[in-house]
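These notes concern the structure reproduced below.
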Amino acid sequence: MAKFADVIVDVATQDTNKTFQYQIPNQLADLVKRGSRVEVPFGRRKIQGFVVNIKSTSSFSGKTKNLLSVIDEFPPLNSELLQLSDELAKHLFTYRISVIQTMLPNVLKANYQRFLQPTETISESTYQQLFQNQKTNQLPLNQIKDYDLIKLIQKTLQNKETKIVYQVKNKAKDKVATQVELGLGLSIYQKVLETTKANATNQQKLLKFIIQNPQKFPIFQTQLTKEAQLPVSFLSEAEKKGWLTRSKVQINRDPLANLTVSKDTNPKKLTTEQQEAVEAINQPLDNSQKRVFLLEGITGSGKTEVYLQTIAKALGKKKQALMLVPEIALTPQMVRQVFARFGSKVAVLHSGLSDGERYDEWRRINGQEVDVVVGARSAIFAPLQNLGLIIIDEEHESTYKQEENPKYHAREVAKWRANYHQAVLVLGSATPSLESRARAQKNRYQLLLMTKRPTQLALPQVDLIDMTQAHFSSQLDLSDELIAGIKQTIAQKQQVILLLNRRGYANFMLCRDCGYVLKCPHCDISLTLHKDTQQMKCHYCGYETSVPKQCPECQSTRIKFFGSGTQKIEELLQQILPESTILRMDVDTTRRKGGHQKILDAFGNHEADILLGTQMIAKGLDFENVTLVGVINADSGLSFPDFRSSEKTFDLLTQVSGRAGRANLPGKVLIQTYNPDHYAIQLAKNHNYEGFYQKEMAIRRQGQYPPYFYLNLITVTSKLEQKAAMAAFKIKSLLKKELSDQALILGPTPQAVTRLKDHYYYQILIKYKVEPKLYATLNTIKAQAFDSKKDKVNIYLDVDPYQFN
DNA sequence: AGCACGCCGACT
DNA sequence: GTCGGCGTGCTC
């Protein structure tokens, strides 16, 4: 009997966001599985899709087409991920194909090629013009720019001298290497060596190498030529003589090849608090029960050791473990620790991997060859089939929320997967998100507290510098008190970390005659001066232009630059402390691969006295010799129009404070602020997370924000401001009509940055507790957006938004 | 997304 | 007349 496949096609639009049915031809019957990646005809084209179901009847009223081929030998999606992709797409109001693509490594994305082919009726001259340089009668069409050529091709297509063929190319390439094996019995090589001529040096080199190192075979060709110092060409000669045989073998790219594994493989002795945490987590692990823990432990309390020992427990129960860390914390040091403990059973997924490396790691996971996966946000989709434990370190980090579609939160996906597998989920943080901490309060999560540092080291002394009262002898960004602290620390041959949350040199250019401010032509925000490259840059869209010498408006030369970024502070510090060495770390100095690590290594080796950087320096760095941490602008985050700005400021200050004083040197923290009485700053000074939690909860309740209310953010955008505004008001009235009066509907308001990349943005924020009709209403709104495609209006939905703009 | 079809203004 | 611009609708 004929079989049919339900296929999600690789076209991310509203009206293709459903399954399409194809008949499975007999010869593919055994190959097509649920989760298979397949090639299908779609209109005139051939495209890629994913089989989500196989059934014996078709419900399609038209004529079903045949599946063309199955792309991979094993299906990339298992039934868990198929179900998750469906539910996630619905929950996030996004396309299922988009969710599937974020679950899988990049190389599984389709790569389409179009070729022009001659037909039988082609004339000799057309053939000469189009195909004489092509080896296979195929002209690749994808990047033809020559207008005359395009016109010629169109003409030949019209009179049917040529036709277009479509191809789905598989980008996933297995990496192969040449392996060399011995072709003769071991005892024979000595005799062969005696028969070689005296001047046959390559032959002698190879034979001696074989005789001395027989245990090294089979060996990779690259390794053999290096170790025996032979040219590759000689190996084919040796192969002809029958001395060696060569074959291609598939290998995995090893992203950790040059990682020195530390010897520290044994579990560390636990403090009482750690022991209690480990035992609490082990209990449901032992009984295969699902449970969520919130591990609230101050910086330096040893959360990592708790993670490692509970992972060991999961492995002992023949279960697998998945650990998420923020990208920035996924450093070689951290990976090394996990590797030391669990060896080759570990796979690592981070953004530093090439597409090929990532694919190899993913395949090891999908083949269930590993038991532990460590990775950043998207690793939450790692296809482990026997999950027992999921850990999210620094669970409050906003990097776990993806800001592009699909706008998922890894923590929410983790909950779904833990539930699916009846697994244990551990959320760890020194400063838990209010949402998680509140759930622990209501016993939805089990709270585990760790309040002590194993080394008995006191938390650093934190002093606030009131910038409204401070003295400044040089300029207004660095107070005398902070400079004195830096000088004193350097004099004692100790190191300083300085945090400044603003990159670039100066963040706006003002004409003092006419008041003109230089803005990005695509976005509505001022351009930032970057002195090293002598460019004005837009930090939103990346637009760059040269630094003006005169005002573009009134031609005055009285131009001034305001606002200090990392580049300017670096320059100032160098003036004030000419004999100190400074390392700057921000997006601009770490863009290259490994740039990040280079700076950290240099600082760790005490090649510099001061590390100056944006918030990327706040996380997870441990430098024994750092005794002073300075925060140059503690308030900069507070002024953002974001209800989480206090929480973010508190987290950042707490974290950066944790960088001061390790080992036997006491640390000190100096925070410059214009709001010394602000509760986030006061409570961070006193290392008082619980106090902050109480205070901030009261404010959230009052402001009707999470965790008391849920949020949904609707963004309406258009190139035409009028259209965006009108659509936004229509949406608001629909919401008003459909939702209960318990729901708060704010807006529409133009975004803080009204125009971005030549589009205008209007936002509507919905706050609610229980709204049974909300889901259906939002779906209607999305469908209408599709209707109003001619109005050139787009509508984006963000469930549980983290970025407000 | 692409790709085709169909309708209207502009030019060989 | 016909070329080519773009709006509209469809893909199992």
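From a predicted model like this one, the values you see are computed outputs, not experimental measurements. Protein chains get the first letters and strands the later ones, always in sequence-line order, with residue 1 at the start of each.
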Atom OH of A/Y95 to atom C1' of B/dA1: distance rounded to whole Å?
11 Å
Given B/dC3, is OP1 or OP2 found less than 4.0 Å from the side-chain N or O atoms of A/R44?
no
For this output row, return yes or no: ring centroids of A/F4 and A/F60 closer than 6.0 angstrom.
no
Do the ring centers of A/F42 and A/F20 come within less than 6.0 Å of each other?
yes
For A/Q320 and A/Q368, does a side-chain donor sit closer than 3.5 Å to a side-chain acceptor?
yes
Hey, does A/Y22 reach any base, or is it just sugar-phosphate, or nothing, if we go heavy atoms under 4.0 Å?
sugar-phosphate
Rounded to the Å, how far apart are A/F20 CZ and C/dT11 C1'?
6 Å
Find the distance A/F42:CZ to C/dG9:C1' and express it as a whole number of Å.
13 Å
Could you check whether A/T64 gets within reach of a base, just the sugar-phosphate, or nothing at all, counting any heavy atom under 4.0 Å?
sugar-phosphate
To the nearest Å, how far apart are A/Q21 CD and C/dT11 C1'?
14 Å
Separation of A/I47 atom CD1 from B/dA1 atom P, in whole Å?
13 Å
How many whole angstroms separate atom NZ of A/K18 from atom P of B/dA1?
17 Å
Starting at atom NZ of A/K65, determine the distance to atom P of C/dC10, rounded to an integer number of angstrom.
15 Å
Distance check needed: C/dC12 P versus A/I54 CD1, whole Å only.
19 Å
All heavy atoms of A/Q21 vs all of A/T57, minimum pair found to be OE1-O, 4.5 Å
Under 4.0 Å, heavy atoms only, any strand: does A/T16 hit a base, just the sugar-phosphate, or nothing?
base
